[in-house]
Amino acid sequence: MDPVNPPCRHLVSPDYKNFILSILIVFGILLSYLPQHYRIISFRSSFGISPYFVLLGTTSGSSALANVVSQQQSLQDVTCCKDVNGFACFAGLLGIFQVGTQCLCFFIILFLFVLYFPRSPEQSPAVTPEPSKNDGPTYRTALAVSAICVVHAIIMIIITITIGLKRPTSLQSWSNFCGVLAAILSSIQYFPQIYTTLKLRCVGSLSIPMMCIQTPGSLVWAGSLAARLGSKGWSTWGVLIVTACLQGTLLILGVFFEYLGPNKGHSHHLDKDGSSEGLPDTDEPHERQEVQPSEETPLLQSQ
């Protein structure tokens, strides 16, 4: 076997415990997002999910991916792939696969959020819309969020490639900037969703199982990346610690409203057409039942 460059020797004999843990994290990320994807699809609605939560989460994921790709250690591992076997190369790139998987899963949430975004209240003919629903985000807002996320991802790709080709010595500084940006976005990511959940007093289409998996999983993932990237990668694994703390707060609120609050078990309602209706903002949960059409309802009421 040809001698391996000293910077690549750590890939020849990878830490199998960390390798297995990294593989489990990749599958854990996929499995943790599946409940959220399924919940939106099964409800055929993204009611209760804040568009700004989706915006900040998706752009944070793109920034985190740019951060880990432009890390000095990541670039070194990519370069070493030509000097080591396929297994060693795969093991060295697991950190990138992890962040890339998370970014992809959040982009799927973005797609489903726009696809199943509740349209005008008139799409639910069996329910008279609440005035407060008209004050919420519109479908135009959802489209704007989608456009911003796509443009942001494209810009991140272009800048990363340009710096890598023109000024490779500045890549670590760019990586740190992307990591700080991802940390800032993820730090404020959950505040719009916490506000939306408090306002609606229900989780809507937000998945509690997803948060149950991701909150402790983010801490485990942070430890794995810290072991792989070291202290220089603080901007990568530090994001996950911040995210875990804020997501834990949202999880506590979600569990309370879903299982302990006065409206427990009524997080979402769907009519036969698949359109969504949220819980009223008043303290009278039975008020909505009074507007259901019956034999005595005037025929011209809908007009």
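All values reported here derive from a predicted model rather than from experimental measurement. Atoms considered below: every heavy atom in the structure, side chains included; atoms not considered: hydrogens, waters and symmetry mates.
- A donor-acceptor contact closer than 3.5 angstrom is absent between the side chains of Ser173 and Ser170.
- Here the OG1 atom belonging to Thr59 is positioned 11.5 Å from the CD1 atom belonging to Ile184, to the nearest 0.5 angstrom.
- When all heavy atoms are compared, the tightest approach of Leu55 to Cys149 is CD1-SG, 3.8 Å.
- Formation of a donor-acceptor pair under 3.5 Å by the Gln189 side chain with backbone atoms of Ala183 is not found in this model.
- Contact of the Ile49 side chain with the Ile40 side chain is registered, since non-hydrogen atoms from C-beta on lie closer than 4.5 Å.
- Here the CG atom belonging to Leu253 is positioned 13.5 Å from the CZ atom belonging to Arg201, to the nearest 0.5 angstrom.
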Full working for side chain to side chain contact (heavy atoms under 4.5 Å, CB included) between Phe111 and Tyr116:
CA-CA 9 Å; Phe111 172 76; Tyr116 292 110; over 6 Å; no
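- To the nearest 0.5 Å, the span separating CG on Leu34 from CD1 on Ile41 amounts to 9.5 Å.
- The two residues Gly95 and Val68 have their closest heavy-atom pair at O-CG2, 4.2 Å.
- Side chains of Phe113 and Pro51 form a contact here, defined as non-hydrogen atoms less than 4.5 Å apart.
- Hydrophobic clustering, with ILVMFWY side chains joined whenever heavy atoms are under 4.5 angstrom apart, keeps Ile157 apart from Ile148.
- Note: Phe117 and Tyr139 have tilted aromatic rings, judged against thresholds of 30 and 60 degrees for the angle between ring planes.
- Of the possible polar contacts, none joining the Thr215 side chain to the Cys212 backbone as a donor-acceptor pair under 3.5 Å is found.
- Note that the CG atom of Leu171 and the NZ atom of Lys166 stand 13.5 Å from one another [nearest 0.5 Å].
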Check the pair Val255, Met211 against side chain to side chain contact (heavy atoms under 4.5 Å, CB included), reporting the backbone distance first and the verdict last.
CA-CA 10 Å; Val255 170; Met211 294 185 288; over 6 Å; no
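- Inter-residue side-chain proximity for Gln36 and Pro209 is flagged as unmet; no heavy-atom pair is nearer than 4.5 Å.
- Side-chain heavy atoms closer than 4.5 Å link hydrophobic residues (I, L, V, M, F, W, Y) into clusters, and following such links, possibly through other members, connects Phe256 to Val203.
- Between the side chain of Ser205 and the backbone N or O of Phe47, at least one donor-acceptor pair lies under 3.5 Å.
- Distance check, rounded to the nearest 0.5 Å: CD of Gln102 to CD1 of Ile25 gives 11.5 Å.
- At a threshold of 4.5 Å between non-hydrogen side-chain atoms, the residues Ile163 and Ser70 do not count as touching.
- The two residues Ser60 and Ala182 have their closest heavy-atom pair at OG-O, 3.2 Å.
- Of all heavy-atom pairs between Gly204 and Arg39, the closest is O-NH2, 2.8 Å.
- Follow the hydrophobic side-chain contacts under 4.5 Å out from Leu21 and you never reach Leu30; the two are in separate clusters.
- Using a 30° and 60° split on the angle between ring planes, Phe97 and Phe90 fall in the tilted class, from 30° to 60°.
- In terms of modelled atom types and a separation under 3.5 Å, the side chain of Thr160 and the main chain of Ala66 share no donor-acceptor contact.
- Residues Met210 and Ser32 come closest through the heavy atom pair CG-O, 2.9 Å.
- Between Thr196 and Phe53 the shortest side-chain heavy-atom distance does not fall below 4.5 Å.
- For the side chain to side chain contact (heavy atoms under 4.5 Å, CB included) with Phe27, the lone residue among Ile29, Ile23, Leu24 that qualifies is Ile23.
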Can you list the steps and then say if Val145 with Leu110 is a side chain to side chain contact (heavy atoms under 4.5 Å, CB included)?
CA-CA 9 Å; Val145 165; Leu110 171 66; 4.1 Å; yes
Would you sort out whether Cys81 and Cys89 count as a disulfide bond (SG atoms under 2.5 Å apart), showing the intermediate values?
CA-CA 5 Å; Cys81 282; Cys89 177; 1.9 Å; yes
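- Under a 3.5 Å cut-off, the side chain of Thr58 and the backbone N or O of Val54 do form a donor-acceptor pair.
- In terms of hydrophobic clustering, with Ile, Leu, Val, Met, Phe, Trp and Tyr side chains grouped at heavy-atom distances under 4.5 Å, Ile188 and Leu250 are assigned to a common cluster.
- Between Ser63 and Asn67, the closest side-chain pair of non-hydrogen atoms is not below 4.5 Å.
- Hydrophobic clustering places Leu56 together with Ile241 (ILVMFWY residues linked when any side-chain heavy atoms are closer than 4.5 Å, directly or through intermediates).
- In this structure, CG on Leu251 lies 7.5 Å from CD on Gln247, to the nearest 0.5 angstrom.
- Within the 4.5 Å cutoff, no side-chain heavy atoms of Tyr33 are placed close to those of Ile108.
- Annotation for Cys178 and Met156: closest pair SG-SD, 4.1 Å, computed over non-hydrogen atoms.
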Would Cys105 and His37 satisfy side chain to side chain contact (heavy atoms under 4.5 Å, CB included), going step by step from the backbone distance to the final call?
CA-CA 9 Å; Cys105 288; His37 299 160; 4.3 Å; yes
